[in-house]
Amino acid sequence: MGRITRRSLTVAAAGALAATVTAGEALADGRGGAHRPQFRGMWLATVANRDWPSRPGLTAAEQRAELLAFLDTAVRRRLNAVVFQVRPTADALWPSPYEPWAEYLTGAQGRDPGWDPLGTAVREAHRRGLELHAWFNPYRVAGHTDVSRLVPTHPARMHPEWVVPYGGKLYYNPGLPEVRRFVQDAMLDAVARYDIDAVHWDDYFYPYPGAGQVFDDDAAWERHGAGFPDRAAWRRDNIDRLVYETAVRVKRLKPRVRFGISPFAVWRNRATDPLGSATTAGVQTYDDLYADTRGWVRRGWLDYIVPQVYWNIGFTAADYAVLVPWWSEVVRDTGVHLYIGEALYKAGDPAQPAPWQDPAELSRHLTFDQGFPRVRGNVWFSAKEVAADRNGAMARVVADHYPYRVRPPR
């Protein structure tokens with residue numbers, strides 16, 4: 001596995017953005033505009049109907065109307081990208097030959113909703129001058145452990161040896177080469193069929209550790225672990241291979257399509273590794289999720305990375321003002337774009353500490369980011385909060401930092 005040579009990327013909807021800019025707004029394009037290109041995205045989550053659809057079983061027309069309303073919200077907030085979750089649990093929001101329709105559409109896994117959400121999202125996003133990043137979860141199969149509840153044609157039901165129950169959920173086993181190939185094929189079907197702008201993954205690789213839980217991959221380790229010093233190194237290699245192989249296949253299939261990952265923001269604490277961040281987080285992606293997020297950037301396997309820096313400035317265990325500079329150094333001289341994931345869902349939540357009750361907290365994040373030119377933008381979690389804006393934090397960000405619509409970086 002080696003470094004991927006990055007080619008210049010284009011966006012099919014480049015011209016559309018200019019058409020959607022409202023009167024009196026300028027459009028920055030890196031050629032003398034009011035602002036440099038900047039990534040301004042929002043995640044649109046579908047797992048468990050988090051953002052969309054608002055509930056399963058809506059009519060196709062109702063689902064479509066809700067989806068378009070979120071795209072319009074992105075335009076209104078002067079964003080330029082929507083990260084749309086299209087494979088939430090080893091299923092699909094498009095007519096996939098590999099996996100069943102997601103149950104979050106109709107309430108029944110495998111039931112045709114009567115329309116194509118991904119196809120519509122791509123077309124309508126581009127019409128509004130928005131990029132559409134297709135968000136896939138590689139290994140999550142179900143929010144329960146009963147394989148018999150999956151539709152009879154589900155690959156996990158047809159290949160139960162591929163599946164590991166853990167923490168009350170089902171996961172594909174990353175240690176099986178046949179699983180790695182299958183999940184790539186399932187995701188790349190969407191790349192081949194649609195004019196998406198990027199393949200996007202979130203923070204789930206091996207599952208987050210649970211007290212007293214054991215991820216039972218003994219058989220796969222016995223079969224495939226020869227030559228590794230320990231199981232942790234083998235597990236990291238499994239995830240490395242998934243990332244590298246996907247990156248190569250995406251570029252071979254459509255060179256202009258980008259590949260980005262949004263990991264938990266702490267690679268390793270400095271007490272664990274001198275290369276790590278000055279944090280004391282309870283989870284470290286390298287050790288607990290077997291995801292060498294820093295390594296993927298340094299090897300140039302990604303086009304962009306969006307660490308989920310979901311903490312306030314001054315938070316002791318994982319300070320926003322510590323992690324942003326650390327990631328800025330990680331991407332130095334790599335060509336990998338750095339965008340920061342922002343916890344809009346915490347703003348105004350009464351269960352959160354005092355900094356999140358201040359509508360200016362997130363605006364301060366973007367002001368802080370301005371001191372680090374390698375930070376090329378931000379992504380907001382998630383669409384429901386972008387629309388509702390519980391305490392006005394998003395409106396404050398727009399007023400302070402998004403006076404115009406701009407193009408995303410290339």
Side-chain angles (χ1 to χ4, degrees), residues 28-30 33-43 74 77-83 131 133 198 200 203 258 260-267 277-279 281 293-294 297 302-347 352 355-356 358-382 385-386 389 391-410:
D29 60 3
H35 294 267
R36 70 170 185 160
Q38 181 185 47
F39 196 85
R40 302 175 181 174
M42 73 176 186
W43 281 287
R77 298 295 194 189
R78 300 185 185 129
L79 307 183
N80 54 29
V82 173
V83 184
E131 290 192 351
H133 293 219
H200 181 100
D203 53 320
R258 282 164 287 164
I261 295 179
S262 178
F264 181 80
V266 177
W267 171 70
S277 51
T279 52
T293 54
R294 179 184 182 276
V297 172
L302 307 179
D303 293 296
Y304 69 80
I305 193 159
V306 192
Q308 297 174 18
V309 191
Y310 285 177
W311 304 287
N312 57 275
I313 294 173
F315 182 66
T316 303
D319 190 340
Y320 188 95
V322 167
L323 282 160
V324 167
W326 186 87
W327 278 104
S328 178
E329 286 304 306
V330 169
V331 302
R332 179 193 290 271
D333 299 326
T334 64
V336 177
H337 284 187
L338 172 62
Y339 315 136
I340 304 300
E342 301 285 348
L344 181 61
Y345 71 96
K346 290 185 175 181
Q352 297 295 330
W356 294 104
D358 183 351
E361 172 67 24
L362 287 167
S363 180
R364 283 193 288 268
H365 289 195
L366 272 66
T367 300
F368 181 84
D369 293 349
Q370 290 171 357
F372 300 89
R374 285 186 290 274
V375 177
R376 307 290 296 276
N378 306 78
V379 187
W380 305 94
F381 191 86
S382 63
E385 285 77 19
V386 171
D389 197 16
N391 72 341
M394 191 70 211
R396 181 70 175 266
V397 166
V398 174
D400 292 349
H401 299 281
Y402 296 167
Y404 311 99
R405 292 196 75 192
V406 299
R407 290 191 175 97
R410 301 288 182 260

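- Looking at S382 and V83, their side chains never come closer than 4.5 Å, going by heavy atoms from C-beta outward.
- Between A74 and V82, the shortest heavy-atom distance links the atoms CB-CG2, 4.0 Å.
- Of all heavy-atom pairs between S363 and V397, the closest is N-CG2, 3.8 Å.
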Go through I340 and H365 one step at a time and tell me if the side-chain contact (heavy atoms from CB on, under 4.5 Å) criterion holds.
CA-CA 10 Å; I340 304 300; H365 289 195; over 6 Å; no
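- Counting only distance, with no hydrogens or angles, the side chain of T334 and the backbone of V331 share a donor-acceptor pair below 3.5 Å.
- Remark: H401 NE2 to R78 CZ distance equals 13.0 Å, nearest 0.5 Å.
- Listed for the N80 side chain is a donor-acceptor partner under 3.5 Å among the backbone atoms of Q38.
- Ring geometry for Y402 versus W380: interplanar angle over 60°, hence perpendicular rather than tilted (30 to 60°).
- With values rounded to the nearest 0.5 angstrom, F264 atom CZ is found 11.0 Å from Y310 atom OH.
- Salt-bridge formation is not detected for the pair E385/K346: no Lys NZ or Arg NE/NH1/NH2 atom is positioned less than 4.0 Å from an Asp or Glu carboxylate oxygen.
- Residues P263 and I305 share a closest heavy-atom pair of CD-CG1, 3.7 Å.
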Test side-chain contact (heavy atoms from CB on, under 4.5 Å) on L366 and D400; report intermediate values, then the result.
CA-CA 9 Å; L366 272 66; D400 292 349; over 6 Å; no
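- If you take OH on Y345 and CH2 on W356, they are separated by 7.5 Å, rounding to the nearest 0.5 Å.
- When all heavy atoms are compared, the tightest approach of L323 to A318 is CD1-CB, 4.0 Å.
- Using modelled atom types, no side-chain atom of Q352 and backbone atom of A347 make a donor-acceptor pair closer than 3.5 Å.
- Shortest non-hydrogen contact noted between N391 and D358 is ND2-C, 4.1 Å.
- Looking only at side-chain heavy atoms (C-beta outward), P355 and F315 stay at 4.5 Å or farther from each other.
- Here the closest non-hydrogen pair linking V306 and G341 is CG1-N, 3.5 Å.
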Determine, step by step, whether R396 and E361 satisfy the salt bridge (charged side-chain N to carboxylate O under 4.0 Å, His left out) criterion, reporting the C-alpha distance in whole Å, the side-chain angles of both residues, the deciding distance to 0.1 Å, and the verdict.
CA-CA 9 Å; R396 181 70 175 266; E361 172 67 24; over 6 Å; no
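- Legend: residues meeting salt bridge (charged side-chain N to carboxylate O under 4.0 Å, His left out) with D389, ordered by chain and number and at least two apart, are R77.
- Residues L344 and L362 form a side-chain contact, since some pair of their non-hydrogen atoms from C-beta on lies under 4.5 Å apart.
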M394 vs M42, test: side-chain contact (heavy atoms from CB on, under 4.5 Å). Steps then yes/no.
CA-CA 11 Å; M394 191 70 211; M42 73 176 186; over 6 Å; no
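- Note that the CH2 atom of W327 and the OG atom of S277 stand 8.5 Å from one another [nearest 0.5 Å].
- Note: Y304 and H200 have tilted aromatic rings, judged against thresholds of 30 and 60 degrees for the angle between ring planes.
- Listed by chain and number, the residues in a side-chain hydrogen bond (donor to acceptor under 3.5 Å, both in side chains) with W311 amount to none (sequence neighbours excluded).
- Distance check: D319 CG to N312 CG gives 7.5 Å after rounding to the nearest 0.5 Å.
- At a cut-off of 3.5 Å, with distance as the only test, a side-chain donor of Y320 or D369 sits close to an acceptor on the other residue.
- A distance of 9.5 Å separates CZ in F39 from CG in L79, rounded to the nearest 0.5 Å.
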